[in-house]
Amino acid sequence: SNVFLLLAGKAVLQGSRYMIDYPPKPIAYPALRYSERSFIYAENAHNFGIRGRGVIDGNGDTFIYLSLKDVSMSRGSTAWGRENPRPDYFPFERRPFTIHFVQSRQIDVREVTIRNTPMVAQQYLACQDLTVEGVTVDSLQNPNIDALDVVSCRNVRIANCDLSSS
């Protein structure tokens, strides 16, 4: 709470290429339990956000490349709890969110660029008083990527965004 991540114009905050660097964080909110992993995560926080003209790079293309070499993901494997029908990528349920805020309030995300995301670029779950303005999402390298998910939120303002995802 009460923290703002400020990214200067030429700054690039890059996600890790290693899944182990995204420890699972079980979410208390009982809806939409996809991945429990996130690059930038907050739960039950208030008065915070991300600002600036810098870039958040989720390093998403790494997850496609690594999965091609991951023996546990070969066709017929049950490593994820069920057979993986597409061994050429990590199932979206396991790839980390880039930004994931849960049951939080007074959130302000402005002017940043989010690119190359492993899964959903931004998900806001059960939040209130949320502003997303001037944000660019450029993420076409992975299947099943949403640029912006707003789920069970109140008092939301989204304006002047350029969102491109697959």
Side-chain angles (χ1 to χ4, degrees), residues 1-19 21-64 90-166:
S1 294
N2 300 314
V3 173
F4 286 87
L5 173 61
L6 302 175
L7 293 171
K10 294 186 179 186
V12 177
L13 181 63
Q14 187 165 28
S16 174
R17 56 178 289 152
Y18 303 106
M19 189 65 84
D21 292 331
Y22 301 96
K25 293 178 177 51
I27 299 166
Y29 192 80
L32 296 178
R33 292 182 184 262
Y34 293 121
S35 181
E36 294 182 337
R37 300 171 189 274
S38 304
F39 180 31
I40 300 171
Y41 179 80
E43 187 170 3
N44 295 313
H46 65 278
N47 191 36
F48 69 101
I50 303 169
R51 296 178 182 156
R53 297 193 179 271
V55 172
I56 299 170
D57 185 327
N59 214 349
D61 52 356
T62 300
F63 291 92
I64 295 173
F90 279 109
F92 77 93
E93 301 95 337
R94 302 296 184 197
R95 297 183 304 225
F97 290 96
T98 302
I99 297 172
H100 195 198
F101 297 155
V102 180
Q103 291 182 307
S104 297
R105 57 190 169 84
Q106 298 169 310
I107 303 164
D108 190 32
V109 179
R110 292 180 191 266
E111 304 298 327
V112 297
T113 295
I114 303 165
R115 69 178 184 211
N116 194 19
T117 62
M119 195 179 71
V120 173
Q122 309 167 77
Q123 185 179 73
Y124 305 97
L125 177 59
C127 294
Q128 66 182 23
D129 303 320
L130 165 66
T131 299
V132 178
E133 186 168 353
V135 172
T136 298
V137 174
D138 181 11
S139 197
L140 297 170
Q141 74 291 336
N142 270 317
N144 245 1
I145 293 178
D146 294 345
L148 174 65
D149 288 351
V150 177
V151 182
S152 299
C153 295
R154 295 184 307 160
N155 301 328
V156 175
R157 180 176 184 269
I158 300 168
N160 305 312
C161 295
D162 183 4
L163 308 175
S164 179
S165 65
S166 58

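Small disclaimer: the values here were computed from a predicted structure and weren't measured.
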Spacing of [atom1] belonging to [X] relative to [atom2] belonging to [Y], to within rounding of 0.5 Å:
X: Gln106; Y: Leu130; atom1: CD; atom2: CG; answer: 11.5 Å
X: Glu43; Y: Ser38; atom1: CD; atom2: OG; answer: 10.0 Å
X: Tyr124; Y: Ser152; atom1: OH; atom2: OG; answer: 15.5 Å

Identify the two heavy atoms, one from [X] and one from [Y], that lie closest to each other, and give their separation to 0.1 Å.
X: Ser1; Y: Asn44; value: OG-O, 4.4 Å
X: Ile145; Y: Met119; value: CG2-O, 3.1 Å
X: Ser104; Y: Ala42; value: OG-O, 4.0 Å
X: Gly134; Y: Cys161; value: N-SG, 3.9 Å
X: Ala147; Y: Ala121; value: O-CB, 3.4 Å

Any side-chain heavy-atom pair from [X] and [Y] closer than 4.5 angstrom?
X: Val109; Y: Thr131; value: no
X: Phe39; Y: Pro96; value: no
X: Met19; Y: Arg37; value: yes
X: Arg115; Y: Val55; value: yes
X: Val150; Y: Ile158; value: yes
X: Cys127; Y: Val102; value: no

Q.
Please evaluate residues Arg157 and Glu133 with respect to the criterion salt bridge (Lys or Arg N to Asp or Glu O under 4.0 Å), reporting the C-alpha separation (whole Å), side-chain torsions for both, the decisive distance (0.1 Å), and the verdict.
A. CA-CA 8 Å; Arg157 180 176 184 269; Glu133 186 168 353; 2.6 Å; yes

**Q.** Worked verdict on His100 versus Gln123 for side-chain hydrogen bond (donor to acceptor under 3.5 Å, both in side chains)
**A.** CA-CA 5 Å; His100 195 198; Gln123 185 179 73; 2.8 Å; yes

Which side-chain N or O atoms in residues 2-15 pair as donor and acceptor under 3.5 Å with protein atoms at least two apart or in another chain?
{"from": "Asn2", "atom 1": "OD1", "to": "Asn47", "atom 2": "ND2", "distance (Å)": "2.9"}

Ignoring hydrogens and angles, tell me if any N or O in the side chain of [X] forms a donor-acceptor pair with the backbone of [Y] under 3.5 Å.
X: Asp138; Y: Leu163; value: no
X: Ser139; Y: Ser165; value: no
X: Tyr22; Y: Phe97; value: no
X: Asp146; Y: Leu148; value: no
X: Thr136; Y: Thr113; value: no

Q: Check the pair Ile50, Ile99 against side chain to side chain contact (heavy atoms under 4.5 Å, CB included), reporting the backbone distance first and the verdict last.
A: CA-CA 10 Å; Ile50 303 169; Ile99 297 172; 3.7 Å; yes

Q) For Arg110, does the CZ atom have more than 12 heavy-atom neighbours from other residues, nucleotides or ligands under 6.0 Å away? A)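 Counting other residues, nucleotides and ligands, CZ of Arg110 exceeds 12 neighbours.
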
Q.
Suppose we call two aromatic rings close when their centres sit under 6.0 Å apart. Are Phe101 and Phe48 close by that rule?
A.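 Between Phe48 and Phe101, which both carry aromatic rings, the centre distance is below 6.0 Å.
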
(Q) Quick check on side-chain contact (heavy atoms from CB on, under 4.5 Å): which of Val112, Thr98, Val135, Ile40 does Gln122 satisfy it with? (A)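 The option that passes is Val135.
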
(Q) For Lys25, is there an ion pair with Glu36 - N to carboxylate O distance below 4.0 angstrom? (A) no

